[in-house]
Amino acid sequence: MTTAALLRGLLLASAALTAPSALAATSNETPAPVQGAQPDEAAQQQVGEIVVTAQRRTEAAKDVPVAVTAIGGEKLDVLNSSGLDIRFLSARTPSLQIESSFGRTFPRFYIRGLGNTDFDPNAAQPVSVVYDNVALENPMLKAFPAFDLARVEVLRGPQGTLFGRNTPAGVVKLESQRPTDKYEAQGSVSWATYNTINADLALNAPLGGGFSLRVSGLVQHRDNWVVNDTTSKVSVANRKLEGYTDRAGRVQLAYASGDFNALINVHGRDLEGTPRVFRAGLFQQGSNNFSAGFDPKHVRLDGYTSQWMEQWGGSLQLDYHFDGIGTLYSITAYERAKVQSTGDVDGGDTYGAAVPALYNAAFPSNTGGITQPKEFSQELRFATDQFGAFRGQAGLYYFDQNLDYSEYGYNPGGGAQNQNIGHVNINENFGVFASGEFKATDALTLRAGVRYSHDRKNDVITGFGPLTGGLTLPLQTKVKGEAVTWDASATYALTPDVNVYARFATGYLGPAIQDRVTFDSVPTTAGKQFTKSAEAGIKGALPAQGLNYALTGYWFRTDDLQLTAVGGANNSTRLLSADHVNGYGVEAEFSYRPVRGLDLTASGSYNFTQIRDPKLVVAACGSKLCTVTDPTFTVGTSTFARIDGNRLPQAPRFVLNATARYAVPLANGGEVYAYTDWAYRSEINYFLYEAKEFRGRSLVEGGVRIGYRAPEGYEVAAFARNILNQIRAQSAIDFNNLTGMINEPRIIGGEIRFHF
């Protein structure tokens, strides 16, 4: 049996019905219960401490000198319903934004405004995604579905010591439920609008002899709901779009004997669907309103549209405790994927008959390709026991990525292939780190850490296609860089339940290569970028009153900021380095139980970012359809914009969210409840330059859930996501024709859930 066949068998056997559940079992970082677990457990935890693993140890959130938000249990279940992917987390914690121009295969993360809008497969992001203690580098690997989770933690600000490379903005940390020593079955199945199915299942069993097993799986499906009205020559399969079938599975085998623990994690994913639908002429010229005649359920595309993804990986996590000394941890991981994505990137229909002006493209463009990231990582870490007032950690980290991807091009109207350009990108990183904590007094705790990182990248381009600018293949580009990052913090206990803290930290993003050679692009490079950050805050809890709260103020400066400029008259792409960007803001969050049965949470942030480089200019608005508001000048037929003073793209000033849950207990021991959640982000800019059309309007998305929970362990509920059906553009393509992409529509459905 081949590996692929074995993986498909695993997926089919394990994927069907699960709910991210409640309490985490023992792991390398010893996760503990977090806010919002199973119903009864959630009620107990909401009035107690919130626990996180932000510093690679289990600690109360108020004791950690980092701005961190933990989401678990029922709240995680609700947000992750209705067939959503990892983007469901966007705006659900302070300062977090997530978007994608690929759909379910390429999420882009932004924290405190820092991110990367580049859609190239080799683009590095300053937000790291750490899934089950494994850092995922390639954006396509970061898309692995979120299911059977114990918690999600969002760490804001540089995390360059303990989590290493590519974390100058922060970390999104996902923790799966781990095998335990009890029999357990839990799952859910829901059906909703557009035949949206979300079904998951988790089974846990002790095997004896120190072994335990957990098998979990997920199936998500949505019918195609967008009609392609083109009359040009495209396949029948492209007449309806935006549907998907997404299957994922995970098998975990744990072993414990005395001071030794081992965990094997094998997981896989199989996705079939369509990529993100680009919509030509989405914006009215001169404003950011949708064009007259816009209909979310209709487009006109004259090119091929298809997407599929196969992903699998595994990790071996070992730890051994040396009595009276400390614990040695080893994490060995391998991840790989194969992704095919082909789309009509101009979003329009040039060759269809009687095409309305709304859908016209300036010229036909149909591109795609196959991307195959492979990543190996190895970490060795030693965490000491408590020695008087001191404890520490130190370790080694190695990462190796081999990224192969191709760029296909096709003749207009769904014609024959005319381009096949291949890329081989090798990315290697080595790191050494140490961190220590000293309790100076009963009230004052000091922490500090340092890390050395070294990066090397090598990119080779081969193949054929309509190249410009005198380029000939093959081409080779190399970069390398190194940095020392550090952090230092102090936490002071005002009372046993209230702490104040201050933290200084630095973060590093390695040098980058942009290796496009189409649309008049040429390979470009950017040196390393370096972030300096300071933050201070207060964290507290009043357990008897059911109150937890945190307030943080922060500042950062990123030097040599890596930016990607896409567009202009030739639709070219190039890397830029801005002299620096400044950022500052305030973040707040609280949870409160004013009366028994009523639970409230709220959080929000104000985030200011500003690019500072008076010499920096970018090509703007190739077709001159848009209304640029930056200072501009013209060279030949090209318009250039000065972007000094602009905010970063995809960086809303305000992010707000809130939830409320009210339950009425019943005589039989069950309950009837209502749950609502709301998220808001203010307007955003899509590109480095600013234009009236490319300024995304503010977005409010809300959900409602009403259900009955029985004492026997099952639950029935009705729900709605994006209940206001507010449709907004989330991103755009500077491709001569005011092309953009929109958010998910309203979804209404019902769900059955069980936990035995």
Item to check | Full working for side-chain contact (heavy atoms from CB on, under 4.5 Å) between Leu688 and Thr117 | outcome: CA-CA 10 Å; Leu688 295 175; Thr117 60; over 6 Å; no
Checklist entry - Does the Asn122 side chain pair with the main chain of Ile513, one donor and one acceptor, at a distance under 3.5 Å? => result yes
Item to check | Minimum-distance pair of heavy atoms, taken over all atoms of Ile111 and Ala169 | outcome: CG2-O, 3.4 Å
Next on the checklist: Check this for me: does any side-chain nitrogen of one of Glu99 and Arg87 sit under 4.0 Å from a carboxylate oxygen of the other?
Outcome noted: no
Item to check | Non-hydrogen side-chain atoms of Ser577 and Leu575 separated by less than 4.5 Å | outcome: no
Next on the checklist: With a 3.5 Å distance limit and no angle check, can you tell me whether Gln317 reaches the backbone of Tyr329 through a side-chain donor-acceptor pair?
Outcome noted: no
Next on the checklist: Between Ser176 and Asp132, is there a side-chain donor-acceptor contact under 3.5 Å, judged purely by atom types and distance?
Outcome noted: yes
Item to check | Short N-O contact, Glu428 and Lys480, less than 4.0 angstrom | outcome: no
Next on the checklist: Is it true that Asp63 and Asn499 share a donor-acceptor pair across their side chains at a distance under 3.5 Å?
Outcome noted: yes
Next on the checklist: Test salt bridge (charged side-chain N to carboxylate O under 4.0 Å, His left out) on Arg447 and Glu59; report intermediate values, then the result.
Outcome noted: CA-CA 14 Å; Arg447 305 190 194 204; Glu59 299 173 280; 2.7 Å; yes
Checklist entry - Is the closest side-chain heavy-atom distance between Glu589 and Thr93 below 4.5 Å? => result no
Next on the checklist: Looking at every heavy atom in both Ala337 and Leu141, which two are closest together, and how far apart are they?
Outcome noted: CB-CD2, 3.7 Å
Item to check | Step-by-step side-chain contact (heavy atoms from CB on, under 4.5 Å) determination, Arg451 to Ser453 | outcome: CA-CA 6 Å; Arg451 187 183 191 106; Ser453 299; 3.9 Å; yes
Item to check | Residue pair Phe556 / Glu535, side-chain heavy-atom distance below 4.5 Å | outcome: no
Checklist entry - Taking all atoms of both residues into account, what is the closest heavy-atom pair of Asn548 and Ala541, and its distance? => result OD1-CB, 3.3 Å
Next on the checklist: The criterion is side-chain contact (heavy atoms from CB on, under 4.5 Å); which residues satisfy it with Pro158, sequence neighbours excluded?
Outcome noted: Ala505, Thr531, Ser533
Checklist entry - Under 3.5 Å, side chain of Asn402 to main-chain N/O of Asn425, donor-acceptor pair present? => result no
Checklist entry - With side chains defined as the heavy atoms from C-beta onward, is the minimum distance between Glu335 and Lys374 less than 4.5 Å? => result no
Checklist entry - Can you check whether Arg503's main-chain N or O pairs, donor with acceptor, with Ser489's side chain at less than 3.5 Å? => result no
Checklist outcome for this item: The residue among Arg516, Gln125, Arg108, Gln562 that forms side-chain hydrogen bond (donor to acceptor under 3.5 Å, both in side chains) with Asp118 is Arg516
Next on the checklist: Check Glu482 with Arg456, please: is the shortest side-chain N to carboxylate O separation under 4.0 Å?
Outcome noted: no
Item to check | Check against ring-ring contact (aromatic ring centres under 6.0 Å, His included), Phe430 and Tyr398 | outcome: CA-CA 5 Å; Phe430 175 76; Tyr398 176 76; 7.3 Å; no
Checklist entry - Heavy atoms, side chains only, cut-off 4.5 Å: are Thr161 and Val450 in contact? => result no
Item to check | Between Tyr405 and His423, ring centroids under 6.0 Å | outcome: yes
Item to check | Cationic N near anionic O, under 4.0 Å, Lys173 to Glu175 | outcome: yes
Checklist entry - Taking C-beta and beyond as the side chain, do Val127 and Leu96 meet within less than 4.5 Å on heavy atoms? => result no
Next on the checklist: Do Val152 and Leu76 have side chains that approach each other closer than 4.5 Å (heavy atoms only, starting at C-beta)?
Outcome noted: yes
Checklist entry - For Ala124 and Asn166, which heavy atoms make the closest approach, and how far apart are they? => result CB-ND2, 4.1 Å
Next on the checklist: Keeping Thr609 on the side-chain end and Leu648 on the backbone end, is there a donor-acceptor pair under 3.5 Å?
Outcome noted: yes
Checklist outcome for this item: Correct closest heavy-atom pair for Pro496 and Lys62 would be O-NZ, 3.3 Å
Next on the checklist: Test ring-ring contact (aromatic ring centres under 6.0 Å, His included) on Tyr320 and Phe322; report intermediate values, then the result.
Outcome noted: CA-CA 6 Å; Tyr320 184 83; Phe322 297 88; 4.9 Å; yes
Checklist entry - Between the side chains of Tyr508 and Asp455, does any donor sit under 3.5 Å from an acceptor? => result yes
Checklist entry - Any luck finding a side-chain donor-acceptor pair between Ser95 and Glu587 under 3.5 Å? => result yes
Checklist entry - Quick check, are the ring centers of Tyr554 and Tyr584 under 6.0 angstrom apart? => result no
Item to check | side-chain contact (heavy atoms from CB on, under 4.5 Å) between Leu136 and Val130, intermediate numbers included | outcome: CA-CA 6 Å; Leu136 304 176; Val130 177; over 6 Å; no
Next on the checklist: Do Asn261 and His321 pair up side chain to side chain, a donor and an acceptor below 3.5 Å, judged on atom types alone?
Outcome noted: no
Checklist entry - Cut-off 3.5 Å, side chains only: do Gln378 and Thr332 have a donor facing an acceptor? => result yes
Item to check | Chi angles and distances behind the salt bridge (charged side-chain N to carboxylate O under 4.0 Å, His left out) call for Arg557, Asp559 | outcome: CA-CA 6 Å; Arg557 171 177 166 137; Asp559 293 322; 2.7 Å; yes
Checklist entry - Does Arg56 count as lying over the ring of Phe163, i.e. NZ or CZ under 6.0 Å from the six-ring centre, within 45 degrees of the axis? => result yes
Item to check | Ionic contact status for Lys142 with Glu375, cut-off 4.0 Å | outcome: no
Item to check | More than 12 heavy atoms from other groups under 6.0 Å of CZ on Phe382 | outcome: yes
Next on the checklist: Under 3.5 Å, is there a donor on one side chain and an acceptor on the other for Gln514 and Arg574?
Outcome noted: no
Checklist entry - Does the salt bridge (charged side-chain N to carboxylate O under 4.0 Å, His left out) test come out yes or no for Arg151 and Glu153, once each step is laid out? => result CA-CA 7 Å; Arg151 79 180 73 219; Glu153 294 179 17; 3.3 Å; yes
Checklist entry - Atom CG in Asp487, atom CG in Leu162: separation rounded to 0.5 Å? => result 7.0 Å
Item to check | Basic-acidic side-chain contact under 4.0 Å: Asp613, Lys615 | outcome: no
Checklist entry - Between Ser100 (side chain) and Phe102 (backbone), is there a donor-acceptor pair under 3.5 Å? => result yes
Next on the checklist: If you count heavy atoms of other groups shown closer than 6.0 angstrom to OH of Tyr334, is the number above 12?
Outcome noted: yes
Checklist entry - Is there a donor-acceptor contact under 3.5 Å from the side chain of Lys539 to the main chain of Ala61? => result yes
Checklist entry - Is a side-chain N or O of Thr441 found less than 3.5 angstrom from the main chain of Leu444, in a donor-acceptor match? => result yes
Next on the checklist: Between Asn427 (side chain only) and Lys457 (backbone N and O only), is there a donor and an acceptor less than 3.5 Å apart?
Outcome noted: no
Item to check | Tyr131/Phe144 under ring-ring contact (aromatic ring centres under 6.0 Å, His included): CA gap, chis, key distance, verdict | outcome: CA-CA 9 Å; Tyr131 208 131; Phe144 192 78; 5.6 Å; yes
Next on the checklist: Under a 3.5 Å cutoff, is there a donor and acceptor pairing between the side chains of Glu137 and Gln401?
Outcome noted: no
Checklist entry - So, the side chain of Thr485 versus the backbone of Gly160: is there a donor-acceptor pair under 3.5 Å, distance only? => result yes
Item to check | Contact check, side chains of Phe433 and Glu379, non-hydrogen atoms, under 4.5 Å | outcome: yes
Next on the checklist: Under 3.5 Å, is there a donor on one side chain and an acceptor on the other for Gln476 and Asn458?
Outcome noted: yes
